[in-house]
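Have a look at the structure below before the remarks.
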There are 2 protein chains.
Amino acid sequence: MNERLPVQGAHGDLLRLVATGKAESRADLARLSGLAASSVSLRVEELIDAGLLAEEGSGTSRGGRRPRRLRLSPTAGVLAVADLGAHHVRLGLLDLSGTPLVVEERPCEIADGPQTTLGRIADAFDELLAEHVPPAVPLRGVGTGIPGPVDPATLRVVTPSRMPGWNDFPVADHLATRYDLPILVENDANLMAAGEARWWPDHENLMVVKAGTGIGCGVIVNGRLHRGRGAAGDISHVRVRSDSSVICACGHPDCLEAYASGAALTAALAESGIEVSRPADIVGLVNDAVPEATSLVRNAGRRIGEVLTVLVNFFNPDVVAVGGSLSAAEPLLTSIRAAVWERCLPLATRDLEIAPARAGRDAALLGAGSLLLEAALTQS
Amino acid sequence: MNERLPVQGAHGDLLRLVATGKAESRADLARLSGLAASSVSLRVEELIDAGLLAEEGSGTSRGGRRPRRLRLSPTAGVLAVADLGAHHVRLGLLDLSGTPLVVEERPCEIADGPQTTLGRIADAFDELLAEHVPPAVPLRGVGTGIPGPVDPATLRVVTPSRMPGWNDFPVADHLATRYDLPILVENDANLMAAGEARWWPDHENLMVVKAGTGIGCGVIVNGRLHRGRGAAGDISHVRVRSDSSVICACGHPDCLEAYASGAALTAALAESGIEVSRPADIVGLVNDAVPEATSLVRNAGRRIGEVLTVLVNFFNPDVVAVGGSLSAAEPLLTSIRAAVWERCLPLATRDLEIAPARAGRDAALLGAGSLLLEAALTQS
DNA sequence: CGAGTTATCTTCGAAATCGAAGGAAGTGAC
DNA sequence: GTCACTTCCTTCGATTTCGAAGATAACTCG
């Protein structure tokens with residue numbers, strides 16, 4: 001049972017406010033939406049009748065009558081989201097407030113090409129839906145993260161590296177043939193940023209750095225994902241200061257990625273005779289105080305920090321959140337901080353937080369849910 | 001005669017659309033505001049009755065009946081704006097659509113301190129108003145640009161260099177004692193960006209670089225000025241790659257400003273035995289094909305371009321507009337372009353325009369008008 | 001030059017939204 | 001406990017906004 005949410009205009013606004021956790025009562029909704037309390041009441045009634053909202057107990061008093069708590073009805077629908085990596089896919093079902101119902105990870109080779117990969121994801125969605133969601137609860141949207149650039153205008157993959165067969169593939173159109181629903185296709189770092197944003201509710205401007213096999217970055221401006229013309233957030237091919245000269249896969253010398261990515265660290269460790277298979281293994285080495293690993297990670301942090309310096313001065317965010325598998329290595333964050341504090345303008349760092357990402361491993365899935373909900377509730 | 005605009009909510013929206021030139025007819029307003037055509041007609045009638053809007057002839061047909069052109073009434077009010085520099089102030093009066101009525105430049109030493117300087121500006125405003133504006137036309141807002149950082153929360157000047165006596169001075173509060181009106185206080189590069197933005201109506205994301213005595217930059221995201229926490233847009237203290245090592249006034253080595261600003265070029269020319277007093281003189285030398293000057297400017301452009309490379313990848317704007325007195329030297333723009341095209345990701349430069357600023361010398365004043373109008377029309 | 005097309009603007013009944021008033025359900029002071 | 005006060009939510013008449021239909025006015029093309 002798939003169907004679009006029957007919401008237009010202000011109904012969508014109200015649902016979104018509840019879904020994102022910004023509002024919990026009719027009074028909250030009136031305050032945040034700008035509508036009159038009476039209109040809110042009417043609308044909420046309609047949404048409850050439509051089975052989208054539900055009343056659930058009462059909230060805590062703020063000095064007067066207790067509010068009647070509003071939640072999205074569990075039967076209102078689910079979202080199916082995936083985060084595609086090079087060798088695996090993480091997928092899950094979320095309720096309409098973005099809370100995960102199920103999350104699992106499956107092996108999946110992106111090199112098998114888009115048709116195969118997307119088919120597998122869709123099959124997995126079907127399985128999960130059959131197993132975990134009653135048939136009466138409709139699917140309301142489908143979204144996926146892609147480890148490469150996505151053109152926001154066409155929702156096609158553009159000039160990806162390491163994704164043979166995907167170039168210019170119309171991912172959204174392909175999914176649309178299987179699902180007549182709102183479809184989201186977005187770069188994985190952007191999804192991660194969108195997910196992280198919900199954990200920093202009072203912060204408008206965020207940079208979210210993903211330090212894993214590659215180095216990604218997503219940007220939140222005024223609480224919303226900044227896409228630019230589709231490529232925004234790239235920091236991996238910034239030129240870093242260096243004595244030697246390393247040619248990056250992109251063809252230019254001395255890209256940040258060639259020095260500070262998980263892939264680069266893995267290669268450097270191999271030169272020291274230490275073999276690791278995944279960036280997470282490097283974290284283990286650091287925790288075991290293997291000097292080569294610690295030194296490399298510290299260096300990577302400093303390099304990332306130097307790049308962030310430029311961006312912090314320019315963009316002047318409230319928060320720089322650092323996630324990705326490498327971020328579990330403490331020296332990384334420490335040396336990023338040191339570089340930024342040292343070199344940035346005092347005005348730019350005055351109230352800046354540089355902190356570990358809060359959203360955890362499912363950040364991208366949560367972000368997909370957040371953006372998808374937005375899309376599903378904004379239509380018409 | 002000073003008074004606040006008696007506008008609330010949707011009335012303000014309509015006025016703003018006309019003022020910013022986005023709408024010229026009732027039909028435009030209906031399309032852009034989302035209101036029904038009938039509501040627009042009613043409102044417009046009210047605004048005309050209130051003396052804020054006026055009908056003026058008819059526009060060009062788009063294949064059907066000609067629209068009746070709407071303009072802000074010339075009697076609707078004026079804005080007084082100033083752009084403060086180190087040794088002079090540029091000031092002007094604008095009508096409510098942001099069109100300059102008078103602009104003039106006066107000598108004015110910022111080092112005389114805020115009280116004196118602001119007093120002079122206000123006196124100048126009074127003179128201009130008495131001379132150029134009928135008493136019946138009310139002043140609707142006052143704004144000024146500051147050549148230093150402004151805290152957007154308090155509208156105070158914070159840690160400015162080269163502005164003795166101004167640190168932490170509450171500029172807006174001080175002006176408010178003389179004018180009971182909307183007051184705008186903003187960094188000059190930000191004002192320039194806001195002014196420039198109106199010349200790129202279909203472009204949402206802009207970087208506006210001001211290459212003059214210093215190097216400033218303003219950022220427009222989604223059509224609106226991005227302030228961050230107040231320091232956004234700084235690019236002058238980014239570290240550039242360099243063999244030697246020059247200590248910048250900020251205390252750090254190898255800031256962009258120490259290599260590519262008008263001040264730095266002036267100093268470098270002096271070492272070659274060529275004395276110039278203003279950055280504009282350097283442009284003259286370049287036009288006269290003085291090799292030292294050309295080479296220096298070309299180098300400055302390359303350095304600025306290298307910094308922009310990072311920011312273009314990250315922010316992925318539609319346009320990079322280059323203004324400021326140095327921008328009149330052709331090699332500057334050319335070498336900026338070369339550096340960016342060479343090093344940026346193809347995806348980021350695919351549709352990027354790197355172009356001379358369009359708004360001209362009054363950019364900051366126009367920007368002040370634009371932001372001030374926004375402020376005056378948003379209240380309540 | 002007249003008929004068809006396109007676009008702008010107004011009219012008017014229907015629908016939505018608002019806001020003041022009031023009831024409901026709490027908190028905190030005495 | 002009682003009383004004053006706060007907050008939450010609903011009721012209901014007044015107002016605003018909408019949208020379909022029509023009037024007006026121009027353009028285009030045979």
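Letters A, B, ... are given to chains in the order of the sequence lines, protein chains preceding strands, and every chain is numbered from 1. Values below: every heavy atom of this structure, side chains too, minus hydrogens, waters and symmetry copies.
The phosphate of D:dT16 has neither OP1 nor OP2 within less than 4.0 Å of any side-chain N or O from B:R43.
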Just the atom pairs and distances: protein N or O near nucleotides 9-11 of chain D's N or O, under 3.5 Å.
from: D:dC9; atom 1: OP1; to: A:R68; atom 2: N; distance (Å): 2.5
from: D:dC9; atom 1: OP1; to: A:R68; atom 2: O; distance (Å): 3.4
from: D:dC9; atom 1: OP2; to: A:R26; atom 2: N; distance (Å): 3.2
from: D:dC9; atom 1: OP2; to: A:A27; atom 2: N; distance (Å): 2.8
from: D:dC9; atom 1: O3'; to: A:R68; atom 2: NH1; distance (Å): 3.4
from: D:dT10; atom 1: OP2; to: A:R26; atom 2: NE; distance (Å): 3.1
from: D:dT10; atom 1: OP2; to: A:S41; atom 2: OG; distance (Å): 2.0

So which protein nitrogen or oxygen atoms get under 3.5 Å of nucleotides 1-5 of chain C's nitrogens or oxygens?
none

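Residues B:V18 and B:R71 fail the side-chain proximity criterion, which asks for heavy atoms closer than 4.5 Å. You'll find the side chain of A:L365 reaches within 4.5 Å of the side chain of A:V103, heavy atoms only. A 4.5 Å side-chain heavy-atom check between A:S370 and A:T20 finds every atom pair outside the cut-off. Counting only heavy atoms from C-beta outward, the side chains of B:V78 and B:L129 approach each other to under 4.5 Å. In this structure the side chain of A:L225 never reaches within 4.5 angstrom of the side chain of A:V219, judged on heavy atoms. Taking 4.5 Å as the limit, every side-chain heavy atom of A:E46 sits out of range of all side-chain heavy atoms of A:L52.
Following rounding to the nearest Å, B:L29 (CG) and C:dC9 (P) show an atom-to-atom distance of 9 Å. Separating the CD atom of B:E24 from the C1' atom of C:dA7 is a distance of 15 Å, rounded to the nearest angstrom. The interatomic distance linking B:L35 (CG) with C:dA15 (P) rounds to 20 Å, in whole Å. Distance A:R62 CZ to D:dT6 P: 13 Å, rounded to the nearest Å.
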Report the C-alpha separation of A:K22 and A:D28 in whole Å, then their side-chain angles, then the decisive distance to 0.1 Å, and conclude whether the salt bridge (charged side-chain N to carboxylate O under 4.0 Å, His left out) test is met.
CA-CA 8 Å; A:K22 287 181 190 146; A:D28 285 348; over 6 Å; no
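The structure places CG of B:L93 at 8.0 Å from CG of B:L139, a figure rounded to the nearest 0.5 Å.
For the helix from C:dC1-D:dG30 to C:dG22-D:dC9, the end axes, each set by the C1' atoms of five terminal pairs, are bent relative to each other by 30° (nearest 10°).
For the pairing with B:L191, the side chain to side chain contact (heavy atoms under 4.5 Å, CB included) check across B:L184, B:V185, B:L366, B:V81 returns one residue only, B:L184. Under the salt bridge (charged side-chain N to carboxylate O under 4.0 Å, His left out) rule, B:E24 has a single partner from B:R66, B:R69, B:R31, B:R68, which is B:R69. When each of B:E204, B:E196, B:H203 is tested with B:W200 by the rule side-chain hydrogen bond (donor to acceptor under 3.5 Å, both in side chains), just one qualifies, namely B:E196.
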